[in-house]
Amino acid sequence: MGADRLLEGGARLFVLALARIDHGQVVVGLGQVWIILRELGEGVDRFLGVALLGEDHALEETRLRIVLLLREDAVDALERLVALPGLEQLGRLIEVVGARGQRGTEHHRQQGGQQTHSVIFSRPYERQHSILKIYNSLGRAKQDFAPLRPGEARMYVCGMTVYDYCHLGHGRVLVIFDVVRRWLRVSGYRVTYVRNITDIDDKIIKRAAENREPVDALTERFIRAMDEDAAALGVEKPDHEPRATQYVQPMVELIGQLEEKALAYQSASGDVNYAVRRFPGYGKLSGKSLDELRAGERVDVDQSKEDPLDFVLWKRSKPGEPTWKSPWGEGRPGWHIECSAMSRQLLGQPFDIHGGGQDLQFPHHENEIAQSEGAAGKKFVNYWMHNGFVRVDEEKMSKSLGNFFTVRDILKKYDAEVVRFFILRAHYRSPLNYSDAHLEDAKSALTRLYTALKNTNASVAVDWNEPHAVRFKAAMDDDFGTPEAVSVLFDLATAANTGNAAAAGQLRALGVVLGILQRDASQFLQGGSDADAWVSERIAAREAARKRKDFKAADDIRQELLDKGIILEDKGGKTTWRRK
RNA sequence: GGCGGAGUGGCAGAGUUGGGGAGCAUGCGAGGGUCUGCAACGCCCUAGACGUUGGUUCGAAUCCAACCUCCGCCUCCA
């Protein structure tokens, strides 16, 4: 390790300097050390490194150890140096450990002893008093989360248009915002979570016509399917799941308000459109300006619109389509208006967090802002969250590209918890590449976690003062950093496997936050098995063979089970099994 | 064309915005060891990376510049 290399370099002396970090402020830090290095010049043989000492949970005084390796003749020079004004503090903290010339010195052992501490410069410790930071698409920066009402968080997520089964991209949204909600709750907020269902739109009407079934029969079917998929993925029910068709009246009222404010107009075609040019902030979420958006180049423009980017609020119905009455004639709502109307109805305005897929940022969410802020004359949403896409072969998974995998198809092949875990191993804003190899990878990884839980079923509460939990919290507080949070779980698994009795409980308890690791370990490891009796019989037979030292027969049975994908494990005189 | 995001070991994937320096994630996979009747699990150890080229600096994955490549949005989309 480092110390060995140093000693080989012919160095003679170690110097330890202890610095402090008070409330995240480095009192004596690297800057001062560099003064030493500079002044002592050749006298410094090597800068060994920085280490954090102590497991002071209060962390009022995190001690930082800076290790320098000095040549003997530099020690006097060092002492003169630290006597200078401005460096007294460092002088008080500095400690000459002593001269040693060989390997395996006392100091070397000290070094080894430190390995029990997790050491990462000052970064994670700074996050000790972390508060939740959210990357806000509006402004493109991480911001401290400050709720509008103390202790309360109100969030709205754009859900599904129900004309087909959910694909993995939808599954990702469900899981990600489920975790956002759980983390807000753990952070002490009373959360109100709304996720809408779009049950009326062009695609639904088209699909229903193709299937020759009523629109509501189609949507009911796919809402049920969505519920099943969500439940399988461990997604808790939102507090409200409003359906667009149940909120037409509020939408009509909202459109009326927009018309009063001259932000909406009825065009010659009979549609009611939103006049984007009359809303000053249009484009602030997506960073687009109206003049850059050259709509119409790629799509037929309705000539009756004032501006090609004007979007439909109320659509005149064609014969045979579902319709509702309105001051502008029989028709149905445009797509964007439902989210403005339903969020206002259920959460008020403004509310805290609005989420959805990246592809909704423009135009859908931009239009929501225009509608809600235009009508109410006040802010719509404080924090906008957009998750990245699921990709297949480096391409966005989408219905139009036809490269999608439905959740239910994937669940035929992989355990739902593996799929959820796979989603959480990537940061929500990153792209997530789907492939069987990655799912297999996730399965192996999750197996490691469950293996560490084998002997603990009792669920305990999280001890948030425990170092792993502190790291977990810091990761989650940093814009829902589930990948790093998951890495902490693996460290807990290692701790559990090396005799830390509390670690397994912590592991399971933190699993609650991510919605994983709640099953009985053997149930996960043995996976939907229906051959338990047979397996037990084979294990007993093998046990008998082993007793009479007939290892050939015993190994034959092991192989027989292995051929069926069952792995036997002998431990502590007992044999357990799991699926490969 | 406009706007935005990204390039990190065999693979996945953090870290880059805040303070540049290490003992540098984490997992899968690989190699070695240990444990075992044989295995598996576990444990211990090892290897390996920061798109390219320059610049700033004592020191850059991190800052600056240029370039290359990929992806997304601008049209229904999570």
Side-chain angles (χ1 to χ4, degrees), chain A residues 1-3 24-26 29-31 33-34 37-38 47-51 111 114-115 117 119-123 126 140-142 157-161 166-174 176 201-203 283 286-289 291-295 297-300 335 355-364 386-391 394-401 422 425-427 429-431 433 435 437-438 440-449 451-452 454 475 481 483-484 486-491 494 497-498 546 549 551 554-555 558 562 567-571 576-578:
Chain A
M1 310 241 66
Q25 287 298 107
V26 177
L30 294 174
V33 173
W34 270 103
L37 292 182
R38 184 165 286 157
F47 175 82
L48 179 60
V50 184
Q111 277 270 308
Q114 284 171 36
Q115 286 177 356
H117 305 292
V119 174
I120 311 169
F121 194 31
S122 62
R123 192 182 302 270
E126 189 185 353
R140 292 195 199 92
K142 278 184 202 167
V157 170
C158 291
M160 255 41 79
T161 301
C166 293
H167 65 226
L168 188 57
H170 300 116
R172 191 180 187 192
V173 178
L174 295 172
I176 282 168
D201 96 317
D202 290 347
K203 293 186 297 295
S286 51
K288 297 174 191 300
S289 81
D291 298 318
E292 283 160 356
L293 288 161
R294 301 168 65 185
E297 291 200 340
R298 293 175 59 188
V299 71
D300 288 340
W335 173 41
Q358 236 161 36
D359 44 1
L360 296 184
Q361 190 169 346
F362 188 91
H364 182 56
H386 292 101
N387 66 276
F389 297 125
V390 175
R391 305 201 298 199
E394 304 301 323
E395 249 189 349
K396 175 184 173 182
M397 178 184 287
S398 77
K399 298 233 166 122
S400 40
L401 289 169
F422 166 70
R425 281 218 296 174
H427 187 87
R429 283 189 282 120
S430 301
N433 236 334
S435 76
H438 298 159
E440 289 294 341
D441 185 288
K443 181 183 173 186
S444 302
L446 189 58
T447 297
R448 174 172 161 79
L449 293 181
T451 301
K454 249 179 155 176
E484 201 171 331
V486 165
S487 81
V488 174
L489 300 187
F490 283 99
D491 289 342
T494 301
N497 289 335
T498 49
R546 291 176 77 202
K549 298 254 192 281
F551 293 121
D555 287 350
R558 177 193 288 291
L562 188 60
I567 295 168
L568 297 186
E569 297 178 343
D570 302 325
K571 196 153 214 164
T576 56
W577 65 277
R578 67 187 166 92

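Computed from a prediction, not measured in an experiment: that's the story for all the values here. Letters A, B, ... mirror the listed sequences (proteins, then strands); counts begin at 1.
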> What residues, two or more places apart in sequence or in another chain, satisfy side chain to side chain contact (heavy atoms under 4.5 Å, CB included) together with A/Asp491?
Replying inline: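 Per chain and number, A/Asp491 pairs via side chain to side chain contact (heavy atoms under 4.5 Å, CB included) with A/His468, A/Arg471.
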> Between the side chains of A/Ser487 and A/Arg425, is a donor N or O closer than 3.5 angstrom to an acceptor N or O?
Replying inline: no
>> Could you tell me how far apart A/Met160 (CE) and B/A78 (C1') are, to the nearest whole angstrom?
In response: 7 Å
>> Tell me the interatomic distance from A/Asn433, atom CG, to B/C70, atom P, rounded to whole angstroms.
In response: 16 Å
[X] side-chain proximity, nearest of [options]:
| X | options | result |
| --- | --- | --- |
| A/His170 | B/A14, B/C77, B/C43 | B/C77 |
| A/Ser444 | B/C28, B/C3, B/A25 | B/C28 |
| A/Ala426 | B/G13, B/C43, B/C77 | B/G13 |
| A/Pro483 | B/G13, B/C77, B/C3 | B/G13 |
| A/Ala554 | B/G37, B/C28, B/A14 | B/G37 |
| A/His438 | B/C11, B/C73, B/A40 | B/C11 |

> Hey, is A/Arg558 close enough to A/Asp570 for a salt bridge, meaning N to O under 4.0 Å?
Replying inline: yes
> Hey, does the side-chain of A/Arg140 have a donor or acceptor N/O within less than 3.5 Å of a partner on the base of B/G4?
Replying inline: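 Donor-acceptor pair under 3.5 Å: no.
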> Does a nitrogen or oxygen in the side chain of A/Ser430 sit under 4.0 Å from OP1 or OP2 of B/A14?
Replying inline: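 Yes, such a contact exists.
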> Can a side chain N or O of A/Lys396 be found less than 4.0 Å away from OP1 or OP2 on B/C73?
Replying inline: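 Answer is yes, contact under 4.0 Å.
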>> Output the pairing pattern of RNA chain B as a dot-bracket string, 5' first, Watson-Crick or G-U wobble with both distances under 3.5 Å, | for cross-strand pairs, [ ] for crossing pairs.
In response: (((((((..(((.............))).(((((.......)))))....(((((.......))))))))))))....
By the 4.0 Å heavy-atom rule, please label [X] as base, sugar-phosphate, or nothing.
| X | answer |
| --- | --- |
| A/Arg172 | nothing |
| A/Gly356 | sugar-phosphate |
| A/Phe490 | sugar-phosphate |

> Of A/Lys142 and A/His364, whose nearest nucleotide on RNA chain B comes first from the 5' end?
Replying inline: A/Lys142
>> Nearest heavy atom decides the nucleotide; on that basis, is A/Arg578 or A/Arg429 closer to the 5' end of RNA chain B?
In response: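 Closest to the 5' end, via its nearest nucleotide, is A/Arg429.
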> Which atoms form the tightest heavy-atom contact between A/Asn387 and A/Arg172, and what is the distance?
Replying inline: ND2-CD, 4.4 Å
